[in-house]
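Everything on this sheet refers to the single structure shown next.
Atoms considered below: every heavy atom in the structure, side chains included; atoms not considered: hydrogens, waters and symmetry mates. Residue numbers start at 1 and run along the sequence shown.
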Amino acid sequence: MQGSITPQVIEDHNLTMEEYQRIVEILGREPNFTELGIISVMWSEHCSYKSSRVHLKKLPTQAPWVIQGPGENAGVIAVDDTWAVAFKMESHNHPSYIEPFQGAATGVGGILRDIFTMGARPIASLDSLRFGTLDKPRNRYILEGVVSGIAWYGNCIGVPTVGGEVTFAPCYDGNPLVNVFNLGLVRRDKIFKAKAAGVGNPVIYVGSKTGRDGIHGATMASEEFSEDSEEKRPNVQVGDPFTEKLLMEACLEAFQYDWIVGIQDMGAAGLTCSTSEMASKGGVGVEIDLDRVPQREEGMTAYEIMLSESQERMLLVARKGTEDKVIEIFKKWGLDAVVIGRVTDDGLVRVWHKGEVVAEVPAVCLTEDTPVYDRPQEKPTYLDELQKLEEGEIPIPSDLKGILLKLLAHPNMANKRWIYRQYDHMVQINTIVLPGSDAAIIRIKDTGKAVALSSDCTPRYCYLDPYLGAQQAVAEAARNVACSGALPRAITNCLNFGNPEKPPVMWTFARTVEGMAEACRVLETPVTGGNVSFYNETMGRGIYPTPTIGMVGVLERVEDRVTQDFKNPGDLVALLGKNRGHLGGTEYLEHIHGKVAGKPPAVDLEYEKRLHRLLVTLAREGLISSAHDVSHGGLAVTLAECCISGENPVGARVELKENFRPDALLFGEDQGRVVLSLRPQSLEKVKALSKEYGVPFQVMGTVGGDTLEISWPQGKLEVTIQELRDAWNRGLTEFLER
């Protein structure tokens, strides 16, 4: 393993010959094998963002309420003068394909460490999941393994999983996406960062022992899958949520004292990443002795110790003279805690093993001075043809009731209770809106405030038009949070794409970032951090562009919260926004007519901003009983969800005045629409506020009865609540019970 550096060895480390020559120039000599491993993993796409960095600079990252933007373990925004929330979204896509249970579980563990490393106590998780179609046994196996892994880790550690999203499409057959979001609560004066400082300060290793699991995990996440990807199973880490719980509590206890200078999770690339990033951010060097690193396997080489991605480990820098006190805290919690090195003034990451220096690399070349590529871009040749859609050639179905029931039963729109019932979403007793509404809401004890969380993306839209699709993802995530009564404040993202070395993929990525940037600027929801996951391809077939958005909003008063379900017979049913009947890129077009075509619906960002603020005002003034975003499946599916998603299902009678083709009216996915219910006595005030904010408003009907009745100038659809519930509830289970 420690032989000469041959072209094959360089290729095996996912380095080009040009990159290798750059390494030689930086070091002024040939690297040894350990140094090659250290540099190659930090120069991997997963760690260096070498293909995306030039584009990510376009994203807005600042606002008065943003305390910490990109560049740390998590972003932080203010809630009030005392409290803030730290949040982040990460992917664990490749590991979850190879080993679904542990891949998903360790994804949860990693994002939790990102949060409590900031000094925040994790209080809520979301998961955004994409799988191949459920008619294939392999996809059902992956789904069940991923959901079990998320549930196991989150439930054991005591952090609630409060919501998320799940969709299915053939493009994810070989590349499931497991994007996990976590949010934590932190005092504004107790935020910690991953920065080493103070020459001579001790560097302390805490947590689990180091093993051989996860070696080259970051490299694996930076290449396509092939027929022999199953052989990479050893690269998937193994998690232990009970140890993570101890580690979290020990870290949070240590943070109470003025002993910790900086702290960094040992995530991707393990010790390599934590030492180099802390040194680089602090403008210092770090020297460690691997003989002191707690190890659970015998005979580990320096290469293996430095690249291991064993879970539940942290690296911290303490103030000199306090190390014994810090170690005492971690040992009290039953964890390993050892001084393995010190901060130096030479800017180098220096690694000792068995009395010899086995690696000596400038920290900055592992972090800031990594390769950066502005890769070639080319508009996909299929796009112009794909965007053509002659709606006149789409037959209008005669059985519109049957279409509604079929859409409700599709796994993309069906009840996801089979998934979220496996999660403990009430642990910590802060969850005041449970899974199943537009956004989850988590209270902040003793403040009267709460935060609303939502994750969103419609990959089909991004496939048809990445710029518009990205705008829609941000707008819908913000709309969902606003429907709950909270003001959208900031996003994190997880940008999932294929091979960036292919110009059409790079063009799609660049357009996605541009669309996201414009939406975030107009909606005033800056990006506080995130993750890019490239190489989501198997045998040359890539996924849809999937820029997942995790949106956070602040609810000034918990009692103002709003959910999506109709509640009171006699309430009026109303619509904010206009019905335009846009069929391009819809669930209806794909699942009923077998077409993924047309352009996604346009997004008017200035209008969306007014709509969101109107929704917050209506909630604050107690004028609405429910609010539900019109999205997947269109108006008919939204109305059905309003009827059946609450604890006490109730019908509604709705009359639509628009006179165009009924399938477009019922199932079109025009943006910027919200279905409300409100007391009749609130009508005039709601109408006046809607006019003030420049948002179209119309009363459509009333809540009540045991049927959903939708009429329009050319006809009527009537379906019982029981029929709706039966279709909605069987959507996932009929596949999973096979």
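Applying the salt bridge (charged side-chain N to carboxylate O under 4.0 Å, His left out) rule to pairs touching residues 422-451 yields K449-E556, sequence neighbours excluded.
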Open item on the list: If you apply the rule side chain to side chain contact (heavy atoms under 4.5 Å, CB included), what do you find for E587 with M413, and how did you get there?
Closed with: CA-CA 9 Å; E587 298 274 357; M413 286 157 283; 3.7 Å; yes

Open item on the list: Apply side chain to side chain contact (heavy atoms under 4.5 Å, CB included) to residues V159 and Y153 and explain how you reach the verdict.
Closed with: CA-CA 9 Å; V159 176; Y153 208 102; over 6 Å; no

- [ ] Give the C-alpha distance, both sets of side-chain angles, the deciding distance and a yes or no for side chain to side chain donor-acceptor pair (under 3.5 Å) between T117 and N73.
- [x] CA-CA 7 Å; T117 299; N73 286 294; 4.8 Å; no

Task: Test side chain to side chain contact (heavy atoms under 4.5 Å, CB included) applied to T563 and S484, step by step - done: CA-CA 6 Å; T563 55; S484 75; over 6 Å; no

TODO: Start with the C-alpha gap between L56 and L495, add the side-chain angles, then the distance that decides, and say whether side chain to side chain contact (heavy atoms under 4.5 Å, CB included) holds.
DONE: CA-CA 11 Å; L56 297 178; L495 308 181; 3.9 Å; yes

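Side-chain contact between P600 and Q472: absent, with no pair of heavy atoms (C-beta onward) separated by less than 4.5 Å. L708 is listed as a side-chain neighbour of I710, based on a closest heavy-atom distance under 4.5 Å. Two residues are said to be in side-chain contact when any heavy atoms from C-beta on lie closer than 4.5 Å; L183 and L453 meet this criterion. M551 places a side-chain heavy atom less than 4.5 Å from the side chain of T525. No side-chain heavy atom of L407 sits under 4.5 Å from any side-chain heavy atom of H410. Residues R673 and N579 meet the side-chain proximity criterion, which asks for heavy atoms closer than 4.5 Å. Within the 4.5 Å cutoff, no side-chain heavy atoms of N412 are placed close to those of H632. In this structure, the side chains of V630 and D670 stay at 4.5 Å or more apart for every pair of heavy atoms.
Residues K245 and E249 are paired through a salt bridge, judged by an N-O separation under 4.0 Å between the basic side chain and the carboxylate. Taking a cutoff of 4.0 Å between a charged side-chain nitrogen and a carboxylate oxygen, R620 and D560 do not qualify as a salt bridge. Under the 4.0 Å criterion applied to side-chain N and carboxylate O atoms, E606 and K609 are not assigned as salt-bridge partners. The residues E608 and R610 are annotated as not salt-bridged, no charged nitrogen and carboxylate oxygen being separated by less than 4.0 angstrom. The pair K416-E165 does not meet the salt-bridge criterion, since no charged nitrogen lies less than 4.0 angstrom from a carboxylate oxygen.
Donor-acceptor pairing under 3.5 Å is lacking for the side chains of Y467 and E518. For the 3.5 Å distance criterion, the side chains of S125 and N182 qualify, holding a donor opposite an acceptor. Side-chain polar atoms of Q671 and R479 form a donor-acceptor pair below 3.5 angstrom. In this model, a donor atom of one side chain and an acceptor atom of the other lie less than 3.5 Å apart for N179 and T548. Inspection of the N531 and S91 side chains reveals an N or O donor paired with an N or O acceptor under 3.5 Å. Side-chain atoms of N480 and D456 include a donor-acceptor pair closer than 3.5 Å. Side-chain contact of T492 with T528: a donor-acceptor pair under 3.5 Å is absent, judged by distance alone. For the 3.5 Å distance criterion, the side chains of Q68 and E72 fail to qualify, holding no donor opposite an acceptor. Judged purely by distance below 3.5 Å, without hydrogens or angles, the side chains of Y588 and D663 pair a donor atom with an acceptor atom. With 3.5 Å as the limit, one finds a donor-acceptor pair spanning the side chains of E641 and H628. Inspection of the R130 and T167 side chains reveals an N or O donor paired with an N or O acceptor under 3.5 Å.
A cation-pi arrangement is present between R187 and W83 under the rule of less than 6.0 angstrom and at most 45 degrees off the ring axis.
For K578, the NZ atom counts as loosely surrounded, since its 6.0 Å shell holds 12 or fewer non-hydrogen atoms of other residues, nucleotides or ligands. Within a 6.0 Å radius of CZ in R613, more than 12 heavy atoms belonging to other residues, nucleotides or ligands are found. In this structure, D189 places its CG atom where more than 12 heavy-atom neighbours from other residues, nucleotides or ligands lie under 6.0 Å away. Heavy-atom contacts from other residues, nucleotides or ligands closer than 6.0 Å to CD of Q62 number 12 or fewer. No more than 12 heavy atoms of other residues, nucleotides or ligands lie within 6.0 Å of CZ in R417, so this atom counts as exposed by the packing criterion.
Taking CG of L689 as the reference point, atom CG of L618 lies at 6.0 Å (rounded to 0.5 Å). Distance check: T638 OG1 to E669 CD gives 8.5 Å after rounding to the nearest 0.5 Å. The CG atom of L656 lies 7.0 Å from the CG atom of L666; values are rounded to the nearest 0.5 Å. Between atom CD1 of residue I444 and atom CG of residue D80 there is a gap of 7.0 Å, rounded to the nearest 0.5 Å. Between N493 atom CG and C457 atom SG the span is 10.5 Å, to the nearest 0.5 Å. Between L611 atom CG and C483 atom SG the span is 7.0 Å, to the nearest 0.5 Å.
Here the closest heavy-atom approach between residue T61 and residue P526 is recorded as C-CB, 3.8 Å. Taking all atoms of both residues into account, the shortest heavy-atom contact from A486 to A452 is CB-CB, 3.6 Å. Nearest heavy atoms, A574 versus F697: CB-CE1, 3.5 Å. Scanning both residues, G585 and Y461, for their nearest heavy atoms gives O-CE2, 3.2 Å. What you find for L717 and W712 is that their closest heavy atoms are N-CZ3, 3.5 Å. The two residues V562 and A619 come nearest to each other via the heavy atoms CG2-CB, 3.7 Å.
Between Y420 and H425, the ring-plane angle classifies as perpendicular under the 30° and 60° cut-offs.
Judged purely by atom type and a 3.5 angstrom limit, S437 uses its side chain to pair as donor or acceptor with the backbone of Q564.
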